Number of protein chains: 2
Amino acid sequence: MPPKPTDAELEILTVLWGRGPSTVREVHEIIARRKAAQYTTILKLMQIMAVKGLVRRDESARAHVYQASRPREWTERQVARDLLEKVFGGSARNLVLGALSARKTSRKELAEIRKLLDEYEKEAQ
Amino acid sequence: MPPKPTDAELEILTVLWGRGPSTVREVHEIIARRKAAQYTTILKLMQIMAVKGLVRRDESARAHVYQASRPREWTERQVARDLLEKVFGGSARNLVLGALSARKTSRKELAEIRKLLDEYEKEAQ
DNA sequence: CTTGACATACGAATCACTTCGTAGTAATGT
DNA sequence: ACATTACTACGAAGTGATTCGTATGTCAAG
């Protein structure tokens with residue numbers, strides 16, 4: 001069970017989730033667009049992430065290929081669970097309130113959330 | 001604008017939100033019930049939190065009295081905003097999905113969440 | 001006034017995260 | 001063959017969070 005990713009690790013995971021398996025150079029190029037970062041910094045982070053089990057790497061090619069070891073949804077669930085405990089006292093209602101009040105939420109998104117609730121109601125009958 | 005609290009700080013804030021203004025000893029006693037922690041560790045953390053502006057302290061009595069400088073809801077909103085960005089790609093829908101799939105959610109809680117949505121729909125007309 | 005209980009202040013160790021430079025090695029072009 | 005380029009590995013520094021021991025001060029009881 002990989003540990004909760006740190007902020008820097010999350011940036012890298014986001015790239016891997018978006019692109020699929022990637023080399024360090026590819027990840028670095030994308031991150032460097034938004035933010036100053038040396039190549040070896042990204043490299044080191046990804047090496048550590050491999051040790052932690054957050055990513056897997058394929059060493060068969062000279063440039064190792066990394067991929068997230070858990071899908072985005074899985075990690076999101078972990079993070080949400082952690083938050084629920086540590087910040088929201090276990091109240092999903094309060095977490096949703098936090099999410100909604102964090103910023104303007106469009107009607108369209110509210111409708112999507114409603115649809116989610118429908119599914120969960122059905123499931124819980 | 002106080003910074004985002006760390007995990008250890010959040011534990012202390014949770015106690016302060018629950019009890020209202022409290023001395024270090026009171027906070028320590030509650031935390032020590034669940035977890036080994038020396039008195040001076042809690043003291044130091046709370047001193048640092050005061051410097052950061054996460055708590056205010058009243059030094060008029062010999063045992064200083066601390067209170068959270070922001071209400072729980074405010075902090076919850078901050079944390080939700082941060083996570084929304086860093087983990088959920090700005091999608092409130094995905095954050096809610098994460099919360100619901102993190103654990104069993106009761107029918108009662110689902111109903112409460114629905115009520116929240118109603119209020120937000122009205123507001124957004 | 002001295003002792004004991006209880007408080008704060010503070011220095012220091014430890015740990016994790018982040019950053020980057022340097023070294024070494026394999027591949028590629030001239 | 002040699003120089004250049006593209007990798008990985010690794011050590012180490014800087015920062016911030018966390019932990020705790022020790023020093024010191026205050027107060028009340030005897």
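All of these numbers come straight from a predicted model, not from anything done at the bench. Chain identifiers are assigned alphabetically (A, B, ...) following the order of the sequence lines, protein sequences preceding nucleic acid strands; residue numbering begins at 1 within each chain.
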Next item on the list: Taking salt bridge (charged side-chain N to carboxylate O under 4.0 Å, His left out) as the test, write out the residues that go with B:Lys4, two or more places apart.
Entry: B:Asp82
Checklist line | A:Lys35: salt bridge (charged side-chain N to carboxylate O under 4.0 Å, His left out) partners, not counting sequence neighbours | finding: A:Glu11
Next item on the list: Scan for side chain to side chain donor-acceptor pair (under 3.5 Å) pairs involving residues 37-50 of chain A, sequence neighbours excluded, and state none if there are none.
Entry: none
Check: In whole angstrom, what separates A:Leu54's CG from C:dT18's P?
Finding: 11 Å
Checklist line | Length of the CD-C1' vector between A:Glu59 and D:dA6, whole Å | finding: 17 Å
Going by atom type alone, with no hydrogens or angles, which donor-acceptor pairs under 3.5 Å involve a side-chain atom of residues 54-63 of chain A and a protein atom two or more places apart or on another chain?
from: A:Arg57; atom 1: NE; to: A:Glu59; atom 2: OE2; distance (Å): 3.0
from: A:Arg57; atom 1: NH1; to: A:His64; atom 2: ND1; distance (Å): 3.4
from: A:Arg57; atom 1: NH1; to: A:Tyr66; atom 2: OH; distance (Å): 2.9
from: A:Arg57; atom 1: NH2; to: A:Glu59; atom 2: OE2; distance (Å): 3.4
from: A:Asp58; atom 1: OD1; to: A:Ser60; atom 2: N; distance (Å): 2.9
from: A:Asp58; atom 1: OD1; to: A:Ser60; atom 2: OG; distance (Å): 2.7
from: A:Asp58; atom 1: OD2; to: A:Ser60; atom 2: OG; distance (Å): 3.4

Notebook entry, point to check: How many Å lie between CG on B:Leu10 and C1' on D:dA17, as a whole number?
Noted result: 14 Å
Margin query: So does B:Thr23 get a backbone contact from the side chain of B:Glu26, meaning a donor-acceptor N/O pair under 3.5 Å?
Written below: yes
Checklist line | Test item: B:Leu117 and A:Leu117 side chains (from C-beta on) under 4.5 Å apart, heavy atoms | finding: yes
Margin query: Without decimals, in angstroms, what is the distance between B:Leu43 CG and D:dA23 P?
Written below: 17 Å
Margin query: Let me confirm one number: the CG-CZ distance from A:Leu16 to A:Arg19, rounded to the nearest 0.5 Å.
Written below: 8.5 Å
Check: What is the distance, rounded to the nearest whole Å, between atom NZ of B:Lys4 and atom C1' of D:dG16?
Finding: 13 Å
Check: Once each nucleotide of nucleotides 25-30 of chain D is scored for protein heavy atoms under 4.0 Å, what B/S/- sequence comes out, 5' to 3'?
Finding: BBS---
Margin query: Using a 3.5 Å distance criterion without hydrogens, assess whether the side chain of A:Arg81 forms a donor-acceptor pair with backbone atoms of B:Gly98.
Written below: no
Checklist line | Under 4.0 angstrom between A:Tyr39 side-chain N/O and C:dT19 OP1 or OP2 | finding: no
Next item on the list: Using five pairs at either end of the helix from C:dC1-D:dG30 to C:dT30-D:dA1, determine the angle between the two local helix axes and round it to 10 degrees.
Entry: 20°
Check: Are OP1 or OP2 of D:dA9 and a side-chain N or O of A:Gln47 less than 4.0 angstrom apart?
Finding: yes
Margin query: Please report the distance, rounded to the nearest Å, between CD in B:Glu29 and C1' in C:dA7.
Written below: 14 Å
Check: Quick one: does A:Leu97's side chain get under 4.5 Å of B:Glu76's, heavy atoms only?
Finding: no
Note to self: What is the distance, to the nearest angstrom, from the CE atom on A:Met46 to the P atom on C:dC20?
What the structure shows: 16 Å
Check: How would you list, by chain and number, every residue that makes a salt bridge (charged side-chain N to carboxylate O under 4.0 Å, His left out) with B:Asp118, sequence neighbours excluded?
Finding: A:Arg114
Quick one: which protein N/O atoms are closer than 3.5 Å to N/O atoms of nucleotides 18-20 of chain D? Pair and distance per line, please.
from: D:dT18; atom 1: OP1; to: B:Ala8; atom 2: N; distance (Å): 3.4
from: D:dT18; atom 1: OP2; to: B:Thr6; atom 2: OG1; distance (Å): 2.5
from: D:dC20; atom 1: OP2; to: B:Gln38; atom 2: N; distance (Å): 3.3
from: D:dC20; atom 1: OP2; to: B:Thr41; atom 2: OG1; distance (Å): 3.1

Notebook entry, point to check: Got a sec, which hydrophobics cluster with A:Trp74, joining ILVMFWY side chains under 4.5 Å apart, including via others?
Noted result: A:Met1
Margin query: Tell me if a side-chain donor or acceptor on B:Ser69 pairs with a main-chain N or O of B:Gly53 at a distance below 3.5 Å.
Written below: yes
Item checked: Those residues of residues 11-27 of chain A lying under 4.0 Å from DNA chain C by at least one heavy atom -> none
Next item on the list: With sequence neighbours excluded, give me every salt bridge (charged side-chain N to carboxylate O under 4.0 Å, His left out) pair touching residues 88-98 of chain A.
Entry: none
Check: With ILVMFWY side chains joined below 4.5 Å, transitively, what does A:Val65's cluster contain besides itself?
Finding: none
Notebook entry, point to check: Rounded to the nearest Å, what distance is computed from the CG atom of residue B:Asp58 to the C1' atom of nucleotide C:dT8?
Noted result: 15 Å
Margin query: Strictly below 4.0 Å: does B:Arg57 bring a side-chain N or O up to OP1 or OP2 of C:dA9?
Written below: yes
